[in-house]
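Structure first, commentary second.
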Amino acid sequence: MQRSRIRTWLMAVTSTVLAAGVALTPVGPAAADPTGVQRTLDWEQSSDRTLPTAAPPQFIKQWATPYGATNITGPTRDGAHAARFELRKSDPVVSSSKRAEISQRDEQPVGADRWYGFSINLDSTWSYDTSAEIVSQWHQCDTDCPGGSPPLALLTDEGRWKIDFRGQFIDLGPYTTGVWVDWVFHVTWRTDSTGVLQVWKNGERVVHRTGATHGGGPRSPYFKFGIYKWDWNTGAPSSVTQRVLRYDALRLGDERATHADVAPQRTCSRGAPVASASATTYEAANPPANAVDGDLTTRWSGQGFGAALILDTGAVRRLCGAKVAWHRGDLRWNDYTIHVSQDGVSYTKAWEGRSSGTTTAPETVLFTSGSPDARYLKISFWANPENDWASITEAGALGL
């Protein structure tokens, strides 16, 4: 009698799921829309490999030596080519200071909404110095604009990544040499409360500010990248005489772009940390913590249509998929959905489908909604061919 009720319940659930148009097999992530990307400078086009003689098309040269900016074949962030910048304390002054930079032209429209994605690799020789240097900056327009420092800059200072935003320093943690660090900046260039600054470091959002983003003028700030070390021109104390970094995967987008359009491309395979796990329901012997303990012999179990396991990654970050291992996963499939949320209250569906039914190992699914910014991941169970119990042995989030 009990088995008959379960079979009747399962048929009803399956009919409901199919009627709702739920996909029962995993599908790949949606392709990013490249419409808003104005310029890609990843050095893969031969026409862009103009260093050290000249800047690539649409850019301006700001270095004075044959080693100031060069094209290299390794290390690269992606593809076969990258750019290498080198600045020495003894180098000539360029544009009133010591710099080896490539610059956009000063032609950004007033009130522009812009996306900037790029990756930086600090050389192993990039040692601690009390004197800071800028490695990417957004310069106020050249004429009829307020003077002074750039309204936005990415720096290394005293062994740490920092952002200088209109004179306020934001500490983003210590830097590590010899590794590629991916950055995405989204700026709505405004002089009033409608301005926006968002920053992602290695896929995790680390800055979100609103309000004025620059001091005014007939145009919006323009982008420059490379090495700018003003203290070498002013005579301020500095314990180093050389700086070397690599730059790759630069994409510039307008108001039509998204994070995914400009972000340096990553394979969706990097595990995001899980700070804690909770559930909408569970039995005392199998609590949600069992699904994140690294042990496939323990499990979370919750009964009923829609029973959900909720993972908290501890911070808003770029998520692109999940790994889920099911109890008796080699003997039965499970239909389930994954929703994501920034606040744990409002959720958006990121994936829906069916486990393989052939393995107890974690299975990877990639979000069909792209790579949303989220902190929470909710895995909701809908059906399996045996009963109305959700039983997950391990689950985790994947980030970019």
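Everything quoted here is computed from the prediction, not taken from an experiment.
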field: Check against side-chain hydrogen bond (donor to acceptor under 3.5 Å, both in side chains), Trp183 and Ser119
entry: CA-CA 6 Å; Trp183 297 94; Ser119 194; over 6 Å; no

- prompt: Hey, does Tyr282 have a side-chain heavy atom less than 4.5 Å from the side chain of Ser301?
  reply: no

- prompt: Can Trp382 and Phe305 be said to form a ring pair (Phe, Tyr, Trp, His ring centres under 6.0 Å), step by step?
  reply: CA-CA 5 Å; Trp382 301 114; Phe305 187 81; 4.6 Å; yes

task: Compute whether any side-chain donor of one residue and acceptor of the other, for Asn290 and Thr298, lie under 3.5 angstrom apart.
output: no

query: Between Asp192 and Arg190, is there a side-chain N and carboxylate O pair less than 4.0 Å apart?
result: no

- request: Go through the steps for Tyr222 and Asp142 under the test side-chain hydrogen bond (donor to acceptor under 3.5 Å, both in side chains), then give the verdict.
  value: CA-CA 10 Å; Tyr222 58 94; Asp142 293 328; 2.7 Å; yes

- prompt: Angle class for the Trp138/Phe185 ring planes (parallel below 30°, perpendicular above 60°, tilted otherwise)?
  reply: tilted

task: Using a strict 4.0 Å threshold on nitrogen-to-oxygen distance, state whether Arg49 and Glu44 make a salt bridge.
output: no

- prompt: Can you list the steps and then say if Arg88 with Thr65 is a side-chain hydrogen bond (donor to acceptor under 3.5 Å, both in side chains)?
  reply: CA-CA 10 Å; Arg88 301 176 189 175; Thr65 65; over 6 Å; no

task: Step by step, work out the side-chain contact (heavy atoms from CB on, under 4.5 Å) result for Glu283 and Gln303.
output: CA-CA 8 Å; Glu283 59 179 348; Gln303 188 177 24; over 6 Å; no

message: If I compare all heavy atoms of Leu87 with all of Lys98, which pair ends up nearest, and what's the gap?
response: CD2-O, 3.7 Å

- prompt: So, Thr241 side chain and Lys89 main chain: donor-acceptor pair closer than 3.5 Å or not?
  reply: no

task: Salt-bridge test for Asp293 and Arg299: reply yes if a basic N is under 4.0 Å from a carboxylate O, no otherwise.
output: no

task: Measure across Gln140 and Gly148 and return the closest heavy-atom pair with its distance rounded to 0.1 Å.
output: NE2-O, 2.7 Å

message: Would you call the rings of Phe225 and Phe223 parallel, tilted or perpendicular, taking 30° and 60° as the class edges?
response: parallel

- prompt: Shortest non-hydrogen contact from Cys145 to Gly217?
  reply: SG-CA, 3.9 Å

message: Salt bridge or not between Asp106 and Arg219? Use side-chain N to carboxylate O under 4.0 Å.
response: yes

field: Salt-bridge contact Asp373-Arg318 (side-chain N to carboxylate O under 4.0 Å)
entry: yes

